[in-house]
> 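One structure, pasted below without further comment.
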Amino acid sequence: MQSITDTLKAKVELALLKLISEDELPDQLVVPSQNPKFADYQCNVAMGLARALKKAPRQIAEDLVANLDVSDICESVEIAGPGFINFKLKEDFLKEVLNGMAVDSRLGLEKTANPEKILVDFSSPNLAKEMHVGHLRSTIIGDSIARFLEFEGHEVLRMNHVGDWGTQFGMLIQYIREEMPDALNNPENFKIASLEEFYRASKKKFDESEEFANASRKAVVDLQAGEEKTLAVWKVFCEASMQHCHEIYELMDINIEDRGESAYNDLLPVVVDDLKKAGHAVQTQGAWGVFLEGYKNEDDEPLPTIVQKSDGGYIYATTDLAAIKYRMLEQKVDRAIYVTDARQKGHFEQVFKISELMEWSKPGDLQHIGFGMMLGKDGKPFKTRDGGTIKLKDLLVEAEERAYKLAKELSPDFTEEEFKAIGKTAGHGGVKYSDLSHSIGTDYKFDWDKMLATDGNTAIYLLMTYARTRGLSRKAGVDVNDMLGKAKLILDDPQEQKLAKKIASLLDIWPSVTRELTPNLLLSYLFEIAKDFSSFWNACPILKPEITQETKESRMLLAALVGRVIEWGLSMIGIKVLDKV
RNA sequence: GCGCUCGUAGCUCAGCUGGAUAGAGCAACGGACUUCUAAUCCGUAGGUCUCAGGUUCGAAUCCUGACGGGCGUACCA
């Protein structure tokens, strides 16, 4: 469906083309009015065109309006101030838009006209250790972006580029060899109770025993040489660790496909060879590196991106390049999006540039989305009381417990089953929501109390708003969704009008959310619609006896639309709604 | 040194492809419950958008420079 802005834009463009040529058209022809006092929508182009047209802005505005026919959708068009053109919407048109949204399973949001194959690289923990809060943002943001793109109609590959290779694995392999020989005979029964402890125990032995340390180093060599028995132990370990990860993914309702770094092992020498042959990689202080323009060291000398170490080993740039080559050339993806911590920005810039030099990708094919740090309430990195790393599992369990307790406290008459459902949804959902309600790029402070607050921009507030629409159905004895496509809208009360406009503006918000990949924009919209619904709820009775049948049905229809928008919107960040909260 | 990034209300944060009087939540203060779930709503107050220049009819937004914080700076990821 065309959004109201787009509908207006098309008409303004038509009128404007009578005054100027097509390549003189400004970018933003129509925008929603910032202050509803002025208008619903406004056009600000007259001021900008004054110089080019050598006319007073007000005159241009008048000429534009003279050529403009919006009588079917606008109640009034007024010129104000220096040359703002203000549009006031016709109620019938607003109703038309809402009715269109009501009967569409996608709320009027169209699929993309150009579906692409898009890879989203996210989560990507290191298998040597248990997942911790450091993996949270990548997992949550990546999943949400994948959901956006899937909803848009793209083919999305959700890839878990797990760290399953490297020197730290030697130690762990040797530990299994010595302490858990059973694992080798019965790999299917092998389970690591606590990865963290396992790592710590291995590390301890490594530090204490010279013999063990040497054996560990040997294990790395064996591993890289592809020695069969060592590979078998490694595999056992990786699978056990991966199982841990997927327990967490299941808790968080996240779908992702694993493909470890080790999958690119065979490609590493090939990639370096490619770079050498193309003349991009050159020898530098015993290593091989690519000198890119614009990278300098302290002495203003060119700085290379190392792709092969002086000892012949490969490093992360090599692995990432191999993955890019594989993804672009073999998997033939149109685009790849990397969701990692913002500190890796420089690294990806370099790797992307090298890929472009090799013509594996074009500018824009590869995108790095860097997120800021998750900090504690005090503004310092989020840690346990004694300064340790917080395990992701522990965080999720605590979130669930806190939400469960809160529900018990506030709605004591609910059933145990309902408490549990709220614990899970509001707990895990709250973690997702508090993360995604902030802009991705900047650091944000995590605060338990804020995450679980019943007011403000939180998951609970939205869940509760949705539950209200369900409660209304129960009370009325009729599902509000039955009104979709059936009831006739009446928008007499200011709160009804405000809410109706907010619902319609989804059609404007969503395209920029998917274009810019900004979950926080979607969530602040959902919060606004929930707020407007609450105001409406308080001002506009629905089931009171004095309410006419028509008004009742119209208001139930509005409630149904709000419910559907919230249900859909939360699903875009991986939260399922509940009938009772 | 160089590069990236941030600086907006007491606090947490939006807004940053330039538009009218800079927004929201929390906290503060004042109101509304024999309720359609008050886990809510209505209202009040709160600002030199770090600072200084510049571009522009118009700057929180773009440019330059300072100041302050965070991060990155060749063989870790």
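In what follows, chains are A, B, ... by sequence order, proteins preceding strands, each numbered from 1.
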> Determine the contact category for Arg58(A): base if any of its heavy atoms lies under 4.0 Å from a base atom, sugar-phosphate if only primed atoms, P, OP1 or OP2 are that close, otherwise nothing.
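Nothing, no heavy atom under 4.0 Å.
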> Distance check: side-chain N/O of Ser535(A) vs OP1/OP2 of C42(B), anything under 4.0 Å?
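For C42(B), OP1 or OP2 has a side-chain N or O of Ser535(A) closer than 4.0 Å.
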> If you look at every strand shown and take non-hydrogen atoms under 4.0 Å, does Trp537(A) touch a base, only sugar-phosphate, or nothing?
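Base, at least one base atom sits under 4.0 Å.
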> Closer to the 5' end of RNA chain B via nearest nucleotide, is it Leu406(A) or Arg555(A)?
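Of the two residues, Arg555(A) wins.
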> Contact class for Ala317(A) (heavy atom, under 4.0 Å): base, sugar-phosphate, or nothing?
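Result for Ala317(A) = nothing.
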> Using a 4.0 Å heavy-atom cut-off, does Tyr444(A) contact any base of the nucleic acid, only the sugar-phosphate backbone, or nothing at all?
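Sugar-phosphate, no base atom in range.
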> Which one is paired to U73(B), where only Watson-Crick or G-U wobble pairs with both distances under 3.5 angstrom count?
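Pairing partner, where one exists within any strand: G1(B).
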> Rounded to whole angstrom units, what separation is found between the CD1 atom of Ile306(A) and the C1' atom of A74(B)?
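Going from Ile306(A) (CD1) to A74(B) (C1'), I get 4 Å.
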> Reckon Val581(A) touches a base, only the sugar-phosphate, or nothing at all at heavy-atom distances under 4.0 Å?
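The answer is base, as Val581(A) lies within the cut-off (heavy atoms under 4.0 Å) of a base atom.
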> Using a heavy-atom cut-off of under 4.0 Å over every strand shown, decide if Ala50(A) touches base, sugar-phosphate, or nothing.
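No contact at all - Ala50(A) keeps every heavy atom at 4.0 Å or more from the nucleic acid.
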> Hey, does the Lys NZ or Arg CZ of Arg259(A) hover above the aromatic six-ring of Tyr326(A), less than 6.0 Å from the centre and inside 45° of the axis?
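Judged by the rule, Arg259(A) and Tyr326(A) form a cation-pi pair.
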> Applying a 4.0 Å non-hydrogen cut-off, can you work out what Glu528(A) is touching in the nucleic acid: base, sugar-phosphate, or nothing?
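No contact at all - Glu528(A) keeps every heavy atom at 4.0 Å or more from the nucleic acid.
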> Indicate, with a heavy-atom threshold strictly under 4.0 Å, whether Ser439(A) touches base, sugar-phosphate, or nothing.
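The answer is sugar-phosphate, as Ser439(A) gets under 4.0 Å only of primed atoms, P, OP1 or OP2.
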> Across the strands shown, which category fits Gly166(A) at heavy-atom distances under 4.0 angstrom: base, sugar-phosphate, nothing?
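Touches nothing.
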> Sort out the partner of U61(B) for me: Watson-Crick or G-U wobble, both distances under 3.5 Å, none otherwise.
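None - no nucleotide pairs with U61(B), as no candidate has both distances under 3.5 Å.
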> Starting at atom CD1 of Ile440(A), determine the distance to atom P of G15(B), rounded to an integer number of angstrom.
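Between P of G15(B) and CD1 of Ile440(A): 11 Å.
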> Expected output is a numbered-order residue list: members of residues 123-141 of chain A with a heavy atom under 4.0 Å from any atom of RNA chain B. What is it?
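RNA chain B contact set from residues 123-141 of chain A: none.
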> Could you write nucleotides 20-29 of chain B as a row of B, S and -, 5' to 3', where a protein heavy atom under 4.0 Å of any base atom gives B, of only sugar-phosphate atoms gives S, and otherwise -?
BB--SSS---
> Quick one: look up who A24(B) pairs with, Watson-Crick or G-U, both distances under 3.5 Å, and put none if it's unpaired.
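With both distances under 3.5 Å, A24(B) matches U12(B).
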> Quick one: label Ser310(A) by what it contacts on the DNA or RNA (base, sugar-phosphate, nothing), any heavy atom closer than 4.0 Å.
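Base: the residue Ser310(A), judged by heavy atoms under 4.0 Å, touches a nucleobase.
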> May I ask you to evaluate whether Tyr461(A) reaches the phosphate of C41(B), defined as a side-chain N or O under 4.0 Å from OP1 or OP2?
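Tyr461(A) to C41(B) OP1/OP2: side-chain N or O found under 4.0 Å.
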> Using a heavy-atom cut-off of 4.0 Å across all strands, would you classify Ile315(A) as base, sugar-phosphate, or nothing?
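Answer is sugar-phosphate: Ile315(A) comes under 4.0 Å of backbone atoms only.
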